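Submitted below is the structure of interest, expressed as structure tokens.
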Amino acid sequence: QSEEQIVTAFERDLKVTPQKTRLLIDIARIQRPVASAIRKRDFSIYVSIPFCPSRCQYCSFVSHSVEQAKKLIPDYLDRLCDEIRETAKLTKQLGLVPKTVYFGGGTPTVLEAEQLARLFGTLEEAFDLSGLLEYTVEAGRADTITREKLEAIRAAGATRISINPQSFDDGVLREIGRKHTAAQVVECYQLARELGFDNINMDFIAGLKGDTLEGFHATMQTALSLAPENITVHTLSVKRSSNLYNDAEAIAEVRRNPTAEMADAAQQMLGEAGYLPYYLYRQKNTLQNLENVGFCKPGYEGIYNIYMMEELETVLAFGAGAVSKLVDQQSGYIERIFNYKFPYEYIGQFGEMLERKGKVKAFYEREGFCKTE
């Protein structure tokens with residue numbers, strides 16, 4: 001279909017606003033060459049570190065306060081390294097080629113620098129990473145970032161990191177349960193630049209408790225003054241397993257927020273500053289039924305984000321709460337392999353969980369799939 005036909009279908013038949021239609025077309029234009037370059041046996045790697053220094057008000061992920069779960073970390077890392085090594089054997093047998101790596105969580109930088117280095121080393125020994133297009137580590141929260149940890153990430157060959165403020169308003173940060181200030185985020189960002197990181201993402205959330213349209217506008221101005229290569233603008237989602245969900249007064253407050261105006265202001269400011277939208281996804285229970293959008297400077301799109309959100313290629317995921325996604329690009333058929341959700345389950349029932357990874361071999365060896373490209 002032509003672009004004109006697409007616009008007509010979206011605006012007339014689906015009742016999508018012209019602004020949202022243009023957003024989708026711009027994203028598709030950036031994603032098209034990324035998608036067309038994927039080969040049949042390419043895959044991505046996701047590594048889960050489900051620990052955080054504290055739990056944010058809005059968070060629904062399986063992440064545990066490091067104060068409560070610290071004793072689990074050594075055994076967790078042992079099993080995580082085992083899972084990486086055992087699964088890598090399968091990928092080599094099948095001729096699979098890793099193209100992106102993503103360390104997420106939780107907050108990977110709750111680990112000590114030595115623990116990070118061990119994990120990065122295990123990954124490098126297990127997989128041939130020479131053909132990677134992108135290697136991302138979520139440095140995440142400013143209260144976990146140190147020079148030593150950033151140096152470990154840099155030494156591992158990471159090409160992209162996230163330093164995620166969510167807001168540059170100290171009052172909002174306190175409201176959501178963050179134990180760092182906006183100034184600390186800026187210090188961490190400047191340290192990362194000093195150490196040579198030239199592809200940095202920052203996440204922000206529109207609609208947070210205590211925020212205002214003026215405050216969110218100021219947050220985006222601060223972000224643009226720092227000029228990270230990626231800026232992701234999320235919409236607050238009221239999730240059932242979050243602390244926010246059980247606070248009726250807080251929910252009533254955030255539902256009164258001018259969240260749509262915040263998101264529109266961000267999109268306009270980012271566009272005027274030369275950022276391009278490159279991926280979009282929606283979640284349940286977002287304020288005003290809005291979406292999350294990733295923006296980037298030209299040429300700095302987060303490749304893993306596109307692969308994962310659009311389900312374009314297989315993602316092999318490691319760690320507690322991680323879900324592997326096996327993708328047959330030709331047919332669109334997808335299988336999922338679920339790891340145990342909580343770290344203590346992951347550790348205690350590791351043998352059974354590792355058996356599940358055998359589905360990777362069955363998926364790629366099924367009739368018709370083994371044909372050469």
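For clarity, every value in this text was computed on a predicted model and none was experimentally measured.
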Taking the side chain as C-beta and beyond, is there a heavy-atom pair between Ile30 and Tyr279 under 4.5 Å?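 Side-chain contact under 4.5 Å: no.
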
What I want to find out is whether Glu313 reaches Arg41 closely enough, with some N-O distance under 4.0 Å, to be called a salt bridge.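 No.
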
Atom CD of Gln349 with >12 non-hydrogen neighbours under 6.0 angstrom: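 Correct, the count exceeds 12.
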
Between Lys149 (side chain only) and Thr144 (backbone N and O only), is there a donor and an acceptor less than 3.5 Å apart?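 Indeed, once roles are kept as given, a pair shorter than 3.5 Å links the two residues.
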
For the pair Asn292 (side chain) and Thr235 (backbone), establish whether a donor and an acceptor sit closer than 3.5 Å, ignoring hydrogens and angles.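 A pair under 3.5 Å: yes.
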
Is it the case that the ring center of Tyr346 lies less than 6.0 angstrom away from the ring center of Phe342?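 That pair fails the under 6.0 Å test.
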
Apply the test side chain to side chain donor-acceptor pair (under 3.5 Å) to residues Asn164 and Glu138: give CA-CA distance (whole Å), side-chain angles for both, the deciding distance (0.1 Å), then the verdict. CA-CA 8 Å; Asn164 298 331; Glu138 286 192 359; 4.7 Å; no

Return the minimal non-hydrogen interatomic distance between Ser167 and Thr219, and the atom names on each side.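 Heavy-atom minimum between the residues: OG-OG1, 3.6 Å.
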
Determine, for Arg12 against Glu4, whether the closest basic-nitrogen to carboxylate-oxygen distance falls under 4.0 angstrom.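 Answer for the salt bridge query: no.
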
Aromatic rings Phe363 and Tyr333: how do their planes relate, parallel, tilted or perpendicular, breaks at 30° and 60°?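 Answer is parallel, since the angle falls under 30°.
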
Checking the side chain of Glu134 only, and the main-chain atoms of Thr159 only, is there a donor and an acceptor separated by less than 3.5 Å?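 Side chain of Glu134 to backbone of Thr159, a donor-acceptor pair under 3.5 Å: no, none is there.
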
Test item: Asn285 side-chain N/O and Lys239 main-chain N/O as donor-acceptor pair under 3.5 Å: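 Checking the backbone N and O of Lys239 against the side chain of Asn285, no donor-acceptor pair under 3.5 Å is found.
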
List the steps, then state whether side chain to side chain contact (heavy atoms under 4.5 Å, CB included) holds for Ile161 with Leu150. CA-CA 9 Å; Ile161 62 171; Leu150 289 176; 4.2 Å; yes

Reported CZ-to-CD distance for the pair Phe216 and Gln221, which is rounded to 0.5 angstrom: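 If we round to the nearest 0.5 Å, Phe216:CZ and Gln221:CD are 12.0 Å apart.
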
Establish, for the pair Arg356 and Tyr340, whether the NZ or CZ atom is under 6.0 angstrom from the six-membered ring centre and no further than 45 degrees off its axis.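 Flagged: Arg356 positioned over aromatic ring of Tyr340.
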
Under 4.0 Å between a side-chain nitrogen and a carboxylate oxygen: does that hold for Arg366 and Asp328?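 Yes.
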
Is any side-chain heavy atom of Leu14 closer than 4.5 Å to a side-chain heavy atom of Thr21?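 Side chain of Leu14 against side chain of Thr21, heavy atoms only: no contact under 4.5 Å found.
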
Do the side chains of Tyr135 and Phe120 get nearer than 4.5 Å, heavy atoms only?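 Phe120 vs Tyr135: side chains touch.
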
Same cluster or not: are Val47 and Val323 linked, directly or through other Ile, Leu, Val, Met, Phe, Trp or Tyr residues, by side-chain heavy atoms under 4.5 angstrom apart?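 Per the 4.5 Å side-chain linkage, Val47 and Val323 are not co-clustered.
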
If we ignore hydrogens and angles and just use 3.5 Å, is the side chain of Thr222 paired with the main-chain N or O of Ala218 as donor and acceptor?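 Looks like yes, one N/O pair under 3.5 Å.
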
Note: Asp170-Arg174 ion pair, threshold 4.0 Å (strictly below):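 Here Asp170 does not pair with Arg174 in a salt bridge, since their nearest N and O are not under 4.0 Å apart.
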
Decide if atom CD of Gln5 counts as having more than 12 heavy atoms of other residues, nucleotides or ligands within a radius under 6.0 Å.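 Above 12, so yes.
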
Do Arg118 and Asp78 have side chains that get closer than 4.5 Å, going by heavy atoms?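 Yes, their side chains come closer than 4.5 Å.
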
Give the intermediate values and the outcome of ring pair (Phe, Tyr, Trp, His ring centres under 6.0 Å) for residues Tyr300 and Tyr278. CA-CA 9 Å; Tyr300 284 94; Tyr278 75 93; over 10 Å; no

Evaluate the side-chain proximity of Gln166 to Tyr58: yes if any heavy-atom separation is below 4.5 Å, no if none is.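 In short, these two side chains touch, coming nearer than 4.5 Å.
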
Once rounded to the nearest 0.5 Å, what's the spacing between atom CD of Glu148 and atom CG of Leu116?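 Nearest 0.5 Å value for the CD-CG distance: 11.5 Å.
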
Glu345 side, atom CD; Asn339 side, atom CG - distance, nearest 0.5 Å: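 Reported to 0.5 Å precision, the distance equals 11.0 Å.
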
Hey, are Arg29 and Glu301 close enough for a salt bridge, meaning a charged N less than 4.0 Å from a carboxylate O?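 Not counted as a salt bridge, because no side-chain N and carboxylate O are separated by less than 4.0 Å.
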
Do side-chain atoms of Thr17 reach the backbone of Lys20 as a donor and acceptor pair under 3.5 angstrom?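 Here the side-chain-to-backbone pair exists.
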
Evaluate side chain to side chain contact (heavy atoms under 4.5 Å, CB included) for Leu270 paired with Leu224, printing each intermediate quantity in order. CA-CA 8 Å; Leu270 288 163; Leu224 290 171; 3.8 Å; yes

Please check: side-chain N/O of Lys359 versus main-chain N/O of Arg336, any donor-acceptor pairing under 3.5 Å?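 Between the backbone of Arg336 and the side chain of Lys359 there is no qualifying donor-acceptor contact (under 3.5 Å).
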
Within-4.5 Å side-chain heavy-atom neighbours: Leu312 and Gln329: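 No, side chains not in contact.
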
When you look at Cys81 and Leu119, which way does the side chain to side chain contact (heavy atoms under 4.5 Å, CB included) test go after all the steps? CA-CA 7 Å; Cys81 289; Leu119 190 52; 4.1 Å; yes

Do the ring planes of Phe51 and Tyr76 sit parallel (below 30°), tilted (30 to 60°) or perpendicular (above 60°)?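 Phe51 and Tyr76: perpendicular rings.
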
Donor-acceptor under 3.5 Å (Glu125 side chain, Thr122 main chain):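 Pair absent, no side-chain N/O of Glu125 close to backbone of Thr122.
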
Nearest atoms (heavy-atom pairs only) where Arg193 meets Asp198: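 Result for this residue pair: NH1-CA, 3.5 Å.
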
Please check: side-chain N/O of Gln288 versus main-chain N/O of Asn257, any donor-acceptor pairing under 3.5 Å?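 Side chain of Gln288 to backbone of Asn257, a donor-acceptor pair under 3.5 Å: yes, one is there.
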
Test side chain to side chain contact (heavy atoms under 4.5 Å, CB included) applied to Met353 and Arg79, step by step: CA-CA 11 Å; Met353 192 209 63; Arg79 298 291 77 77; over 6 Å; no

Are Glu86 and Lys357 packed together at the side-chain level, in the sense that at least one heavy-atom pair is separated by less than 4.5 angstrom?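 A side-chain contact under 4.5 Å is absent here.
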
Establish, yes or no, whether the cationic atom of Arg154 lies under 6.0 Å from the six-membered ring centre of Phe197 and within 45° of the ring axis.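 Here Arg154 passes the 6.0 Å and 45° test against Phe197.
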
Using modelled atom types only, decide if a donor and an acceptor are shared between the side chain of Glu291 and the backbone of Tyr281 within a distance under 3.5 Å.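 Not at all, since once roles are kept as given, no pair shorter than 3.5 Å links the two residues.
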
Walk me through it: do Ser162 and Asp203 pass the test side chain to side chain donor-acceptor pair (under 3.5 Å)? CA-CA 8 Å; Ser162 289; Asp203 282 3; 5.3 Å; no

Atom CE in Met308, atom CG in Asn305: separation rounded to 0.5 Å?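 Going from CE on Met308 over to CG on Asn305, the span is 6.0 Å.
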
Would you give the length of the straight line joining atom CG of Leu123 to atom CD1 of Ile84, rounded to the nearest 0.5 angstrom?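 So the CG of Leu123 and the CD1 of Ile84 are separated by 5.5 Å.
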
Using a 6.0 Å cut-off, check whether atom CD of Glu194 has over 12 heavy atoms from anything other than its own residue.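 Yes, CD of Glu194 has more than 12 neighbouring heavy atoms, counting only those of other groups under 6.0 Å.
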
Side-chain donor-acceptor contact under 3.5 Å, Ser130 with Asp128: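 Their side chains do contain a donor-acceptor pair, which is all the 3.5 Å distance test asks for.
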
Could you give me the CA-CA distance, side-chain angles and deciding distance for Glu187 and Arg147, then say whether salt bridge (Lys or Arg N to Asp or Glu O under 4.0 Å) is met? CA-CA 11 Å; Glu187 289 171 7; Arg147 176 180 289 271; over 6 Å; no

For residues Pro53 and Thr107, report the shortest heavy-atom separation together with the two atoms involved.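 Minimum heavy-atom contact is CD-OG1, 4.1 Å.
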
With a 4.5 Å limit on heavy-atom distance, are the side chains of Thr109 and Ile153 in contact?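 Contact flag for Thr109/Ile153 side chains = yes.
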
Atom OH of Tyr307 and atom CG of Asp42: how far apart are they, to the nearest 0.5 Å?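 Separation between the atoms: 6.5 Å.
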
